[in-house]
Colleague: 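Have a look at this one before I ask anything.
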Amino acid sequence: MGGFIGTPPESGAIGLLVTSEESLPSELVQAFEAAGRTVETIGVLEQGTWRLFVQGAPDFVNANFPAVLPATTPFFVRVY
C-alpha cells in the first residue's frame, strides 16, 4: 500500500511530502485518512506541468494525474 514520508499538514493547510513507495492516488488518500486527515487535492509537477488530483471529482477532472506515483516522488497536498 502506498504512503508518504513527512508530517501531514494541519487541517485546512497544505504540505509538501514525498511518496514512501510506489503509490496510487487512492492509496495516498487512504494513508492520509489513517493519519486523521481528509485529502482535498494532491498535486505533482511533471515535466514542468502541474498535475492535480481532486478527491471526489469526476474521472475526467483527474484524467491528467499520473495513475501511479513512483517512490520518492515529491507532491503537495491540501487537507481538511
Side-chain angles (χ1 to χ4, degrees):
M1 180 164 142
F4 59 87
I5 299 169
T7 303
E10 295 298 319
S11 183
I14 62 171
L16 181 61
L17 301 152
V18 177
T19 56
S20 58
E21 58 191 296
E22 187 175 90
S23 302
L24 302 172
S26 61
E27 292 173 334
L28 287 175
V29 169
Q30 291 172 353
F32 278 98
E33 287 174 351
R37 305 293 192 276
T38 302
V39 170
E40 181 179 282
T41 307
I42 299 172
V44 297
L45 192 59
E46 188 177 73
Q47 297 179 346
T49 301
W50 281 104
R51 307 290 183 192
L52 297 177
F53 173 85
V54 180
Q55 175 62 10
D59 289 341
F60 75 89
V61 172
N62 295 323
N64 288 324
F65 193 81
V68 177
L69 297 176
T72 69
T73 299
F75 68 94
F76 89 84
V77 63
R78 179 170 168 78
V79 298
Y80 60 92

Colleague: Could you check whether any side-chain N or O of Arg37 sits under 3.5 Å from a backbone N or O of Pro9, counting only pairs where one atom can act as donor and the other as acceptor?
Modeller: yes

Colleague: Grab the two heavy atoms, one from Gly2 and one from Ala31, that are nearest each other, plus how far apart they are.
Modeller: O-CB, 4.0 Å

Colleague: Using the side chain to side chain donor-acceptor pair (under 3.5 Å) rule, collect all pairs that involve residues 55-80, keeping only residues at least two apart or in two chains.
Modeller: Glu40-Arg78

Colleague: How is the hydrophobic cluster of Val44 composed, in terms of its other members, when Ile, Leu, Val, Met, Phe, Trp and Tyr link through side-chain heavy atoms under 4.5 Å apart, directly or indirectly?
Modeller: Phe4, Leu17, Leu28, Val29, Phe32, Val39, Ile42, Phe53, Phe65, Leu69, Phe75, Val77, Val79

Colleague: Considering non-hydrogen atoms only, spot the tightest contact between Ile5 and Ser20 and give its length.
Modeller: CG1-CB, 3.6 Å

Colleague: Search all heavy atoms of Pro8 against all heavy atoms of Ala35 and return the closest pair with its distance.
Modeller: CG-CB, 3.9 Å

Colleague: Nearest 0.5 angstrom please: Phe76 CZ to Thr41 OG1, how far?
Modeller: 6.0 Å

